[in-house]
Amino acid sequence: MEKLLTLLTASGIYNISAGQFFMILIGLGLLFLAIRKNFEPLLLVPIGFGGIMANIPEAGLAYSAVENAVHFAKPEVLQSLASVLNIGSSDPHDILHAYHGSNATVHAAASLAAQDAGYSNGMLYNFYLVAIASGVAPLLIFMGVGAMTDFGPLLANPKTLFLGAAAQFGIFATVLGAVALTMLGLMDFSIQDAAAIGIIGGADGPTAIYVTSLLAPQLLGAIAVAAYSYMALVPLIQPPIMRALTTEAERKIKMSQLRHVSKTEKVLFPIVLLILVALLLPDAAPLLGMFCFGNLMRECGVVDRLSDTAQNALINIVTIFLGLSVGSKLSADKFLDFQTLGILLLGIVAFGIGTACGVLMAKVMNKMAGGDSINPLIGSAGVSAVPMAARVSNKLGLEANAQNFLLMHAMGPNVAGVIGSAVAAGVMIKFVG
Amino acid sequence: MEKLLTLLTASGIYNISAGQFFMILIGLGLLFLAIRKNFEPLLLVPIGFGGIMANIPEAGLAYSAVENAVHFAKPEVLQSLASVLNIGSSDPHDILHAYHGSNATVHAAASLAAQDAGYSNGMLYNFYLVAIASGVAPLLIFMGVGAMTDFGPLLANPKTLFLGAAAQFGIFATVLGAVALTMLGLMDFSIQDAAAIGIIGGADGPTAIYVTSLLAPQLLGAIAVAAYSYMALVPLIQPPIMRALTTEAERKIKMSQLRHVSKTEKVLFPIVLLILVALLLPDAAPLLGMFCFGNLMRECGVVDRLSDTAQNALINIVTIFLGLSVGSKLSADKFLDFQTLGILLLGIVAFGIGTACGVLMAKVMNKMAGGDSINPLIGSAGVSAVPMAARVSNKLGLEANAQNFLLMHAMGPNVAGVIGSAVAAGVMIKFVG
Amino acid sequence: MEKLLTLLTASGIYNISAGQFFMILIGLGLLFLAIRKNFEPLLLVPIGFGGIMANIPEAGLAYSAVENAVHFAKPEVLQSLASVLNIGSSDPHDILHAYHGSNATVHAAASLAAQDAGYSNGMLYNFYLVAIASGVAPLLIFMGVGAMTDFGPLLANPKTLFLGAAAQFGIFATVLGAVALTMLGLMDFSIQDAAAIGIIGGADGPTAIYVTSLLAPQLLGAIAVAAYSYMALVPLIQPPIMRALTTEAERKIKMSQLRHVSKTEKVLFPIVLLILVALLLPDAAPLLGMFCFGNLMRECGVVDRLSDTAQNALINIVTIFLGLSVGSKLSADKFLDFQTLGILLLGIVAFGIGTACGVLMAKVMNKMAGGDSINPLIGSAGVSAVPMAARVSNKLGLEANAQNFLLMHAMGPNVAGVIGSAVAAGVMIKFVG
Amino acid sequence: MENLLSEGVSLMVFGMGFVFVFLTLLVFATSLMSKLVVKYQPAPEPKPSARKAAKPSAGTGSAAATNDELVAVISAAVHKYRSR
Amino acid sequence: MENLLSEGVSLMVFGMGFVFVFLTLLVFATSLMSKLVVKYQPAPEPKPSARKAAKPSAGTGSAAATNDELVAVISAAVHKYRSR
Amino acid sequence: MENLLSEGVSLMVFGMGFVFVFLTLLVFATSLMSKLVVKYQPAPEPKPSARKAAKPSAGTGSAAATNDELVAVISAAVHKYRSR
Ligand code: NA
Ligand code: NA
Ligand code: NA
């Protein structure tokens, strides 16, 4: 009889909190968007599913050993944790607070103490430690993305790098927006939070996750969800802005065919980029280094088996764990916060500003080049969101002139945007990391 | 000359113990069964080979750093370990006993002390730590299996879930058998041991390994070997039981063709299952969560590259390490024990009872449904052992009536058996974990 | 303004040292050799790229948390490290020296202290820890190589194993060479260093990395670069030696076609080899055990999906991390040393002596067999460098006699050389490890 | 000893009971789900082409080429095979 | 508060400035590289066949068979498919 | 110093000696194994079809589909290629 009671009182339905219930609905919503609406499914399916698993009551899959120990709150365990953490109170909230604020040495000791009491890290928490806290997963995804990227269009027209630069204004404007919301007393973001929120405007999932895991890990769930959702919404967000900022005549501009780019140039480009990073911004070295490494493997032609693995088995494995790990941060207490609304709002503003700046920069460059050689529609591709943003440019070009194929021209700013946001990430890590 | 002596006295042939010799023979036997008799080769080849490597004298591949340090038994090292373990005696046996009984904090300190003395974990021990002690390998295999599983036949006839439930009686009957052997004084199993032994009756390798690694890690070698061996023996174990419990007329029953199951139902099923797990049995969440995640990736149709990797590269990599890690537990002192005979005996009883209960349940369901719509032969497939048990049902059906194809009908209870034993695993972890 | 200064003073160009500049050039040189000259590109592309990344100023990618903390040299951090390391001085050099000489317990404490101060391991340092310091990467590569190796030619003519033995003399002669250079006061190698340098003569990358990581990790960069470079240079190094030691008549000897080797022999060979290792040289068990395991998976025919993964996805993933990790040891302070020149010199001598001994042994065997059945050219293949060395034998055979196809005959000694150098590795680990 | 027996018996009773309860609920939940799906979605496959088309975009970077590359590789292999 | 604002502004100014400086330098470096390549290497593809041929050797052990095996596997599959 | 030399020499002597002893024993063991195999198993391949057929079952869950799926994928690719 007692067993039956145990089973009942330990069941999910007996213990579920409103927050958990709501977060499970959000997880289901993300799965719906991913599966039926094709919102970046490769990430949002694992994130959504991980979010549901993280909110299964009593399972503690997203909790560390210490958090699990505190959850079950046996007095002697709390007592031992309090003593390890060197605090007087053995109140669960105080212990968690001290634990999250503790340095590495105390953190490790508290973790061992919780294990001594028979608690262990949840599965998703372990995935998070290995994939994100170590920083490795976003870097390996960047390597795979590098191995998938063709810099040919960029090399054929290097000036499109300016478009990739301009579109990053969305990032920094959003930082200022987050600061403003805090100054107005509406939100409470630190400068680190603001920087991490800004990076949503980079329209680049792994960069956003990497930066956020370094600067504001507690916001990881909201920022990753915002970043991937808005990337999926690029075909809805960008067109009105692009139409508003360009004239019909500009949209009709046909661009001359890109020159042929030799194999040697493609092999040398990642090396040139790496050296520039090495000389100017060492803080961007992990991200751009792995990106260049993937691209060099692709282009050098002598390690095709490595390039193939980087683009397939390895990136797929990492994507599964990255997604589940991000999902583990969709816990009710962190996500169901007024701040999350602020992040979602600021994120879409960031996309909008980035798009606008890219288009305006393209207009300026077109003017400077005589007014009929650069179609401003390719400017919006500078936000990255590869290859979606370039497709949007192409689509609007075709609307204006059925013979106007901008896809390849837009791929230049599109990959430039990846470089641009990685550089912006490096600057932010340098300044506020 | 002294070097020659060193080489000789450190050689395997000089140091081999009878137990190691015997275990190497057992490893060779497993390889023979796997390679020539096709006993679940994907697991038994790595397990057998790992077992041989684990028993190479003096190599210490399956030992932790502390165990290796104790093996070489330098007085000053023993002294330092005894002091870390806080025991008075520096006798090797006492040190090992204290080490195995120590809590996480002391365990970590002893490990560092052994490393200070120049000893390190053996290769297989490291594999075991990463793959099994962390719990990750069985979970990833479950994810891969989920991505390989088609729930169509189950969805077409959900009542076959009852067959998957009934066949789990083998698990719990075996628990009682292990308890009985202990009460009779023939064996000495704790309730945790009994639960882990019972799970052999689940006929599901990764579930058995997961549960055993949590409840009775010292029995892992014997239980994993028994589970996979008996799964391979399903075509020999089940038919006599099935024939004894059914009449010729029952075996001739033809089942009506399964209805078509829509894509949407297949996408929703893993989500429904996950939510039920979340509400009722959080302890089964890791196993069934990963299973559902794999299946959702398979069915949702938008992450085929992830599903493909989960079914191929990732599950293969994990299988290699899981097999070698299980093999590392085939050390003489743990496997060559009277208990192992008990485990082997109880395991086959578990399979037999599970099969019988599945068939009997099918008979009852057939009676209740009018007596001519459910062929009791599909009940035996409820033990899982996918897809071997379903094939056995099909074979016996064809024997009775050459037009009677039961394969698809048996796949329903077959995959239901996987769910059933994972639920049983969750209950056992909850009650005795 | 202050920010601008920060950015400038933290930039690479402001901080680059002559050593780093020079090492980046060496990294570029390795990439050139790999990409344009096809010097073992699968390893040298990641090694070269990793070498460049390791020398990016201020990024600290190849440094541990403690090394990064010392690099930035904040007084309070140095103070805390000195106290953990239990030394009086808080001079950066003293701290690094104490840290590198510390035992495992103190090492772990220092690492936590550095993390407490906000420093973390560089990306490449983490790769090194996981891939090489744990020993796992070379072992997995050996497993993959085993799964790629066909022992058919060796089994058809087992006597070619003697050629694989003779060619290992290069290893031990080089050890003596390194000792001699030290005795002459030209270099300063310990016996461990000498053994690790000698293994370059094994002409086997993963063996060299495995042995070096155990015996002389500080030489890893130089030794790995030498090993892979000389393997790539085999077509240049070997032919003059082979021509000098053989007569035209010997080079014209045609060898009789190899007998057919049955599947069963191929399945049993890795098991026979494993048992011999187990009985005679447990220290070679990790290397040769994984090699045999890979080969058994290949030949047994029942685990093709595992064998396929071991040969493709898994070995590719491991190769990427192994290469980057080796590259992380191409730091200026370790590579730009007079010792590196000694290593490069000794390495080529090792290749030369190994080649010569293989050829001479083949001459002896030919004489003993009557003088017209064994072409001495196949002896040089005993150094391993699979399959390059066997191709060189074939090429010289064809030069002497356009009908003389030695490729399959040379594959026997070629794979024998792999076994031979793994055995030599085991002996060295036993004696000086 | 007594304790072990009672633990074993209660594990069996509650365990087996729970397995049945769980799978029974799953039968109901699944049947309900199937009924709802059949009711509200008579058409078998809603826009499969749209799904396929949108699949390749992967975080940053286009995975789009993968499929085409596979076709290209296979085509080349087939060609090589046929031209022997 | 004031501090936060000034930090945000300077992050924007220096961040955006640095992004532009970096990408401008990259434009120059890339253009220079392309010019040098075009100048010193007019031939588009220097010995592609040599590159391909030397690809397969992998550390120890021959990865050489991989490609041929792929062709063989695919050929077999094609054969199986055709002979249905 | 003297010590280093003697260590080096003994490493060479015993190392090289051991390599020869080991590989000599391997020659004998291999030859013996081959003789036994040839003697007791004249038929080259014992029931290869049975082996193939039983391969796919994988722990829980059927890996059986893999091969057929490969064929299906490749067939589709071939089809796509031909119908261009
Ligand atoms: Na961007
Ligand atoms: Na089961
Ligand atoms: Na060798």
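All of these numbers come straight from a predicted model, not from anything done at the bench. Every chain is numbered from 1 and lettered A, B, ... according to where its sequence line falls, protein lines coming before strand lines. Only heavy atoms go into these numbers, but all of them, side chains included; no hydrogens, no water, no symmetry mates.
In plain terms, the two heavy atoms of A104(B) and D116(A) that are nearest each other are N-OD1, 2.5 Å. Nearest heavy atom pair, residue P57(A) against residue A278(B), reads CD-O, 3.9 Å. Heavy atoms only, all atoms of each residue included: V45(A) and C300(B) are closest at CG2-SG, 4.5 Å.
Proximity to chain B (any heavy atom under 4.5 Å) is shown, for I317(A), by both the backbone and the side chain. The part of L28(A) that comes within reach of chain B is its side chain, from C-beta onward, which places non-hydrogen atoms under 4.5 angstrom from that chain. Looking at F321(A), only its side chain comes within 4.5 Å of chain B, counting heavy atoms on both sides. Within the 4.5 angstrom heavy-atom criterion, only side-chain atoms of L31(A), from C-beta onward, approach chain B. Within the 4.5 angstrom heavy-atom criterion, no atom of A109(A) approaches chain B.
Of the possible polar contacts, one joining the N316(A) side chain to the R305(B) backbone as a donor-acceptor pair under 3.5 Å is found. Formation of a donor-acceptor pair under 3.5 Å by the N103(B) side chain with backbone atoms of A117(A) is not found in this model.
Within 6.0 Å of the CZ atom in F72(A), the count of heavy atoms belonging to other residues, nucleotides or ligands exceeds 12. The local environment of OH in Y63(A) is sparse, with at most 12 non-hydrogen atoms from other residues, nucleotides or ligands closer than 6.0 Å. The neighbour count for H97(B) NE2, taken as heavy atoms of other residues, nucleotides or ligands under 6.0 Å away, does not exceed 12.
The side chain to side chain contact (heavy atoms under 4.5 Å, CB included) test with P286(B) is passed by exactly one of L61(A), L124(A), I56(A): L61(A). Under the side chain to side chain contact (heavy atoms under 4.5 Å, CB included) test applied with V303(B), the options L43(A), L44(A), L42(A) reduce to a single match, L42(A).
Residues Q115(A) and H107(B) form no side-chain contact, since every pair of their non-hydrogen atoms from C-beta on lies 4.5 Å or further apart. M290(B) places a side-chain heavy atom less than 4.5 Å from the side chain of L324(A).
Annotation: maximal heavy-atom pairing with chain A below 4.5 Å, among G289(B), A313(B), S102(B), G135(B), occurs at G289(B). Options D283(B), I271(B), L274(B) differ in how many heavy-atom pairs under 4.5 Å they form with chain A, and the most are formed by L274(B). Comparing A108(B), A284(B), C292(B) by heavy-atom pairs within less than 4.5 Å of chain A, the highest count is held by C292(B). Between chain A and the residues V427(B), D308(B), L296(B), the largest count of heavy-atom pairs under 4.5 Å involves L296(B).
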Run the side chain to side chain contact (heavy atoms under 4.5 Å, CB included) check on V267(B) and I35(A) step by step: do they pass? CA-CA 9 Å; V267(B) 173; I35(A) 296 173; 4.3 Å; yes
Report the C-alpha separation of N126(A) and V136(B) in whole Å, then their side-chain angles, then the decisive distance to 0.1 Å, and conclude whether the side chain to side chain contact (heavy atoms under 4.5 Å, CB included) test is met. CA-CA 9 Å; N126(A) 277 333; V136(B) 76; over 6 Å; no
With side chain to side chain contact (heavy atoms under 4.5 Å, CB included) as the criterion, how do L287(B) and M123(A) come out once you've worked through the C-alpha distance, each side chain's angles and the decisive distance to 0.1 Å? CA-CA 10 Å; L287(B) 271 179; M123(A) 175 188 75; over 6 Å; no
Please determine whether side chain to side chain contact (heavy atoms under 4.5 Å, CB included) holds for the pair I320(A) and M297(B), giving the CA-CA distance in whole Å, both sets of side-chain angles, and the decisive distance to 0.1 Å. CA-CA 10 Å; I320(A) 289 173; M297(B) 288 198 291; 4.2 Å; yes
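The distance from the CG atom of L306(B) to the CD1 atom of I315(A) is 10.0 Å, given to the nearest 0.5 Å. Put simply, OH on Y14(A) and CG on L280(B) are 15.0 Å apart, with the number rounded to the nearest 0.5 Å.
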